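Okay, so here's the structure we're looking at.
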Amino acid sequence: MTEDSIVIVGAGHAAVQLCACLVDAGQGSRVHLLGQEPELPYQRPPLSKTFLKKAEDPTQLLREASWFENAGVQLNLGQAVQAIDRQAKAVVLDSGARLAYGQLVLATGTRARTLPGWPCNAANVRLLRSAQDARELRLALSACKAVTVLGGGFIGLEVAATCAALGKTVTVLEVGQRLMGRAVSAALSAHVLEQHRAAGITIELEAELGPPVLHEGRLLRLSMPAGAREVELLLLAIGAVPHIELAQAAGLACDDGVQVNDGMRTSDPDILAIGDCAQFPMGARRWRLESIQNALDQARVAAATLLGGTAVYRPTPWFWSEQGAMRLQMVGLLDAGAMQTLRRQGPQPGAFSLFHFQQSRLRCVESVNAPADFMVARKWLEAGFSPDPAQVVDAGISLRSLQPSA
Ligand SMILES: Cc1cc2nc3c(=O)[nH]c(=O)nc-3n(C[C@H](O)[C@H](O)[C@H](O)COP(=O)(O)OP(=O)(O)OC[C@H]3O[C@@H](n4cnc5c(N)ncnc54)[C@H](O)[C@@H]3O)c2cc1C
């Protein structure tokens with residue numbers, strides 16, 4: 001590698017998008033992509049949805065091997081980076097090999113959160129982050145009747161809905177007062193709760209869990225106020241933790257993520273961070289988002305920075321989740337402050353959007369099976385346009401007619 005080489009650590013959504021941007025700019029031969037998973041980079045979102053339904057479904061690749069080869073990108077899979085030597089400007093691989101970089105990008109993502117003292121290697125416990133986790137979960141599902149999901153967040157609820165569709169008896173245990181409590185409004189939580197219960201999923205909110213116990217040395221049993229509870233298969237879906245250890249050990253500024261500026265540079269100007277592992281400034285605080293939109297858009301900004309440009313990451317965050325018959329789409333950020341929420345009925349039963357205003361300004365829109373509303377709302381928020389609240393709720397008005405003038 002020469003001193004103008006770009007080494008990318010992690011081979012997920014953000015890293016592959018960054019490769020694509022660099023390849024488009026004719027810089028593919030400068031890129032060395034290192035990933036600890038042994039397989040070609042793949043789409044993660046299907047892993048909690050369609051992938052679990054069909055025993056033989058392969059992963060959906062982000063790019064074929066031939067694409068990397070033709071683009072001149074050097075791909076090194078099945079190799080974790082163990083350390084960054086900032087003085088020598090090199091990374092140290094599992095094998096002990098060193099690879100010099102001109103510029104380094106950390107795109108290391110997250111890992112599934114676990115609970116202290118919980119035996120995650122118990123025979124009936126699964127986590128879900130990687131394709132290999134999903135294969136193991138899929139195999140376990142094929143041999144079980146009842147599934148318990150610990151965690152009523154997006155991934156837990158997606159898996160719960162998938163398992164219900166597979167005919168399993170499903171229980172979701174959520175310690176909080178409502179589902180997806182950190183990410184969506186109380187009104188959306190309530191709707192989703194009702195829909196999952198109507199689909200036959202048992203959901204227990206404010207679940208009280210004591211330290212789990214192991215039965216016959218290998219099966220985990222939950223300890224609940226009413227006594228020990230058997231679980232045939234337990235998915236621990238209680239969130240994700242950013243992979244920041246490499247950055248921390250190298251002395252880069254980190255908090256709940258590797259801190260970056262709005263051009264994605266870390267506290268070392270030769271090192272950037274992108275995707276789920278990066279914590280970026282927006283407004284009065286720093287954010288770390290776990291979404292495809294965030295990973296792809298940060299990669300685009302990082303590419304510009306690496307090539308000497310001055311792009312700035314100022315996102316209008318958006319996210320989607322598929323849970324049974326519900327397609328949830330959200331754009332904007334729900335603020336902690338008081339919001340005025342208006343509901344717009346969608347074209348079909350069960351389709352609606354929640355428009356959240358703060359001081360008459362549109363801040364966030366949550367849609368359920370109303371993709372047209374979501375698309376318009378996304379354009380509005382990206383353009384900094386705020387519609388008249390009264391018009392928004394009038395289902396007789398086409399939202400497109402309220403477009404901001406160009
Ligand atoms: C089951 C599931 C469903 C999801 N569904 C949705 C959805 O519906 N919508 C949505 O917007 N988002 C969804 N997400 C989130 C989305 O997948 C992430 O936001 C996205 O993958 C982040 O991309 P990334 O490149 O930052 O990290 P990742 O895609 O996680 O890639 C990081 C890679 O870095 C590797 N790595 C870590 N440390 C090292 C190291 N030291 N050396 C080498 N490699 C390393 C990891 O093994 C991993 O392969 C889902 C996630 C999961 C797990």
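These numbers come from a predicted model, not from an experiment. Atoms within a ligand are numbered from 1 in the order they appear, just like the ligands themselves.
Contact atoms of ligand 1 toward G275: 26 (O) (distance under 4.0 Å to a heavy atom of the residue). Near V9, meaning under 4.0 Å from one of its heavy atoms, ligand 1 places the atoms 40 (C), 42 (N), 43 (C). Close approach to A107 involves these atoms of ligand 1, each under 4.0 Å from a residue heavy atom: 32 (C), 33 (C), 34 (O). Near E37, meaning under 4.0 Å from any of its heavy atoms, are these atoms of ligand 1: 47 (O), 48 (C), 49 (O). Each of the atoms 11 (O), 12 (N), 19 (O) of ligand 1 lies under 4.0 Å from some heavy atom of S291. For ligand 1, the atoms lying closer than 4.0 Å to a non-hydrogen atom of F319 are 9 (N), 10 (C), 11 (O), 12 (N). Atoms of ligand 1 lying under 4.0 Å from at least one heavy atom of A295, given by number and element, are 23 (O).
For the pair Q36 and ligand 1, the shortest N or O to N or O distance falls below 3.5 Å. Checked by distance only, ligand 1 and Q293 stay at 3.5 Å or farther apart across all their nitrogen or oxygen atoms. For ligand 1, the polar-atom distance check finds no N/O of A80 at less than 3.5 Å from any of the ligand's N/O atoms. Any N or O atom pair closer than 3.5 Å counts here, and L246 shares no such pair with ligand 1.
The heavy atom nearest to atom 4 (C) of ligand 1, considering only P45, A131, P41, is found in P45. Nearest-residue assignment for atom 15 (C) of ligand 1 (options E158, E290, H13, E245; heavy-atom criterion): E290. Among T110, L52, D276, V81, the residue whose heavy atom sits closest to atom 42 (N) of ligand 1 is V81.
Among protein heavy atoms, atom 25 (O) of ligand 1 sits closest to A14 N, 2.8 Å. Among protein heavy atoms, atom 31 (O) of ligand 1 sits closest to G12 CA, 3.3 Å. Nearest non-hydrogen protein atom to atom 11 (O) of ligand 1 is I292 N, 3.0 Å. Of the protein's non-hydrogen atoms, S48 OG, 3.4 Å is the one closest to atom 3 (C) of ligand 1. Atom 2 (C) of ligand 1 has I155 CD1, 3.6 Å as its closest protein atom, hydrogens excluded (heavy atom only). For atom 17 (O) of ligand 1, the closest non-hydrogen atom of the protein is R44 CB, 3.3 Å. At the shortest separation from atom 30 (O) of ligand 1 among protein heavy atoms lies R129 NH2, 2.8 Å. Nearest non-hydrogen protein atom to atom 37 (C) of ligand 1 is T108 O, 3.1 Å.
A 4.5 Å side-chain heavy-atom check between L220 and W118 finds at least one atom pair inside the cut-off. Residues L115 and L150 form a side-chain contact, since some pair of their non-hydrogen atoms from C-beta on lies under 4.5 Å apart. Proximity of V172 to I203: side-chain heavy atoms (C-beta onward) are separated by under 4.5 Å at one or more points.
Contacts between H243 and ligand 1, counted as non-hydrogen atom pairs separated by less than 4.0 Å, involve the side chain only. If you look at N294 next to ligand 1, there are no close heavy atoms at all, none under 4.0 Å. Looking at W320 against ligand 1, both its backbone and its side chain come within 4.0 Å, counting heavy atoms.
Rounding to the nearest 0.5 Å places CG of L193 at 9.5 Å from CG of L157. Between the CG atom of D373 and the CZ atom of R344 there is a distance of 5.0 Å, given to the nearest 0.5 Å. In this structure, CG on L252 lies 13.0 Å from CZ on R265, to the nearest 0.5 angstrom.
For Q79, the closest heavy-atom approach to ligand 1 falls below 4.0 Å. At a 4.0 Å cut-off, at least one heavy atom of K49 sits close enough to ligand 1 to count as contact.
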Exercise for review: Applying side chain to side chain contact (heavy atoms under 4.5 Å, CB included), run through F319 and L289 and close with a yes or a no.
Suggested key: CA-CA 10 Å; F319 188 81; L289 300 177; over 6 Å; no
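Side-chain contact of E204 with T171: a donor-acceptor pair under 3.5 Å is absent, judged by distance alone. Using a 3.5 Å distance cut-off with no hydrogens or angles, the side chains of E64 and S66 do not pair a donor with an acceptor. A donor-acceptor pair shorter than 3.5 Å cannot be found between the side chains of R361 and Q358. E290 and T110 share no donor-acceptor pair across their side chains, judged by distance under 3.5 Å alone.
The aromatic rings of F374 and W318 stand perpendicular to each other, their planes meeting at an angle above 60°, with 30° marking the opposite boundary.
The only option from R111, R44, R129 that meets the salt bridge (charged side-chain N to carboxylate O under 4.0 Å, His left out) definition with E37 turns out to be R44.
The pair R314-D262 counts as a salt bridge, with a side-chain nitrogen and a carboxylate oxygen less than 4.0 angstrom apart. Under the 4.0 Å criterion applied to side-chain N and carboxylate O atoms, R286 and D255 are not assigned as salt-bridge partners.
For S223 against P211, the heavy-atom pair with the smallest separation is CB-O, 3.3 Å.
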